[in-house]
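Notes follow once the structure below has been shown.
Throughout, a chain's letter reflects where its sequence line sits, starting with A, and its residues are numbered from 1.
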Amino acid sequence: MKSILMPELPEVESFRKYFEATSLQDPVAWIEVKSPAILRNIAEHDLRRRLVRKRFTSVSRRGKYLYASIGKGKSALVLHFGMTGFLSHFRDLDREPGHDRMLITFGSGSYLAFDDQRKFGGVFFADDVQEFFRTKNLGPDALAITLDEFLNLLEHRRRQLKPLLMDQSFISGIGNIYSDEILYQAGIHPLTSSDAMDPGRRKDLYTVMRSVLETAVERDAEFDRYPEDWLLKHRSAGAKCPLDDCRVERISVSGRTSYFCPCRQERLLKKGEPAG
DNA sequence: CGTGGCTCCTGGCGGC
DNA sequence: TGCCGCCAGGAGCCAC
């Protein structure tokens, strides 16, 4: 797999395509869970009972979750990739990745491994996948939401923009890296309060969000294919901003390492709000 | 409702 | 060269 960032929407979309290209319609012969800690709502023997002799018929994504539907019903194997998760499909066990946490053997003799070095990812089973997302309180997918829905959701929030974009119950799919990128390209400081944006800014933010995510998805989330003037290629304190002569700054925003250009990203203030 | 802090886990890195 | 301690980060949880 090519150089890929932490799994956010574009990365998970590339995993989805990979799953689709490799693992549909091949009957599951066996499942071996190598790290039980990744199983979140089902035990290994139950997972086998649900999946062995079944086929994955389609694979979809919502936010950072990938789900592979089984047969014709509503049930699905649901995967979350945490920080370090990815998929690997192969025919020879010599090619099994180094942190395989769950190995699916298919009837054809090929394998699909869920590799996750840091075990922040998770494997779920959903009898009804839409119901599953409701119980997770998962917001609409960042690429599926319309402008009107986005504006409507913003109406009811007052929160620092970066943690808001990363809040999976607000919209799902955006994490640390892409939230920084979106705010950089939109020219808004990550600490700006969501209610300080005027209508034009709100629309801009939506447009930039779509543009960043769509571009990343088009390029299969391959870091090397991203534009050189994206901030994510310059994530270090003191790096030169690719679009002007300022230096990239590093701050902590709600406990997350955040990079921004102090010259391009304006901290919007509400009327009467004290600066800094 | 919002914010901040802690926890899980592991490898990489800085310091000595 | 080796070892120790710290840090990163998605998301759930808890306290305020």
Side-chain angles (χ1 to χ4, degrees), chain A residues 3-15 33-42 61-67 78-87 97-102 113-124 126 132-142 152-183 189-197 213 216 221 223 231-232 235-239 248-260 267 270 273-274 276:
Chain A
S3 168
I4 271 201
L5 299 164
M6 244 139 269
E8 302 183 28
L9 187 154
E11 288 74 21
V12 178
E13 180 60 23
S14 79
F15 299 158
V33 175
K34 308 199 171 209
S35 294
I38 60 148
L39 293 184
R40 297 304 176 81
N41 67 349
I42 190 165
R61 180 192 59 72
R62 175 151 160 195
K64 302 180 197 174
Y65 287 89
L66 176 153
Y67 57 101
V78 183
L79 302 177
H80 191 287
F81 296 90
M83 276 180 68
T84 52
F86 66 92
L87 297 173
H99 306 279
D100 185 6
R101 307 306 185 193
M102 180 179 73
F114 175 77
D115 186 288
D116 184 14
Q117 178 187 288
R118 294 196 184 174
K119 300 183 187 173
F120 277 14
V123 172
F124 306 80
F132 172 82
F133 290 135
R134 270 193 293 279
T135 64
K136 290 278 166 202
N137 195 25
L138 196 68
D141 185 83
N152 199 31
L153 284 179
L154 267 182
E155 274 303 304
H156 308 292
R157 302 290 188 121
R158 173 169 46 196
R159 200 166 166 197
Q160 292 169 343
L161 271 175
K162 164 143 174 164
L164 182 61
L165 288 176
M166 289 176 63
D167 182 344
Q168 305 301 300
S169 68
F170 173 63
I171 49 175
S172 57
I174 297 171
N176 198 40
I177 305 286
Y178 291 94
S179 62
D180 277 1
E181 189 65 43
I182 290 163
L183 292 170
H189 191 290
L191 288 173
T192 297
S193 179
S194 57
D195 66 342
M197 292 185 296
L213 296 175
F223 182 85
L231 179 67
L232 54 74
R235 288 178 70 82
S236 63
V248 172
E249 284 185 20
R250 172 192 155 125
I251 55 172
S252 180
V253 180
S254 73
R256 291 285 163 259
T257 305
S258 309
Y259 296 92
F260 71 102
R267 173 96 186 261
K270 280 192 54 168
E273 186 182 348

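Scanning all heavy atoms of the two residues, the minimum distance from Gln117(A) to Thr84(A) falls at N-OG1, 3.4 Å. The shortest heavy-atom contact between Phe132(A) and Asn41(A) is CE1-ND2, 4.1 Å.
Residue-level contact check: Arg250(A) touches the backbone only, with heavy atoms under 4.0 Å from sugar-phosphate atoms and none from bases.
With rounding to the nearest 0.5 Å, the separation of CZ in Arg157(A) from OG in Ser194(A) is 8.5 Å. With rounding to the nearest 0.5 angstrom, the OG atom of Ser258(A) is 9.0 Å from the CZ atom of Arg250(A). Here NZ of Lys136(A) is found 9.0 Å from NE2 of His80(A). Values are rounded to the nearest 0.5 Å.
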B/S/- along nucleotides 10-16 of chain C (protein heavy atoms under 4.0 Å) is BBS----
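Put simply, chain A comes within 4.0 Å of DNA chain B, heavy atom to any atom, from dG2(B) to dG11(B), going 5' to 3'.
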Q.
Using side chain to side chain contact (heavy atoms under 4.5 Å, CB included), reason through Phe114(A) and Ile38(A) one step at a time and then give a plain yes or no.
A. CA-CA 10 Å; Phe114(A) 175 77; Ile38(A) 60 148; 3.9 Å; yes
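Ionic pairing of Asp141(A) and Arg61(A) is present here: one or more N-O contacts between side-chain nitrogen and carboxylate oxygen are shorter than 4.0 angstrom.
Phe15(A) pairs in a ring pair (Phe, Tyr, Trp, His ring centres under 6.0 Å) with only one of the listed residues (Phe86(A), Tyr65(A), Tyr67(A), Phe81(A)), which is Phe81(A).
Looking at which nucleotide of DNA chain B each of Arg118(A) and Arg159(A) is closest to, the 5′-most match is held by Arg159(A).
Distances shown here put a side-chain N or O of Thr257(A) below 4.0 Å from the OP1 or OP2 atom of dG9(C).
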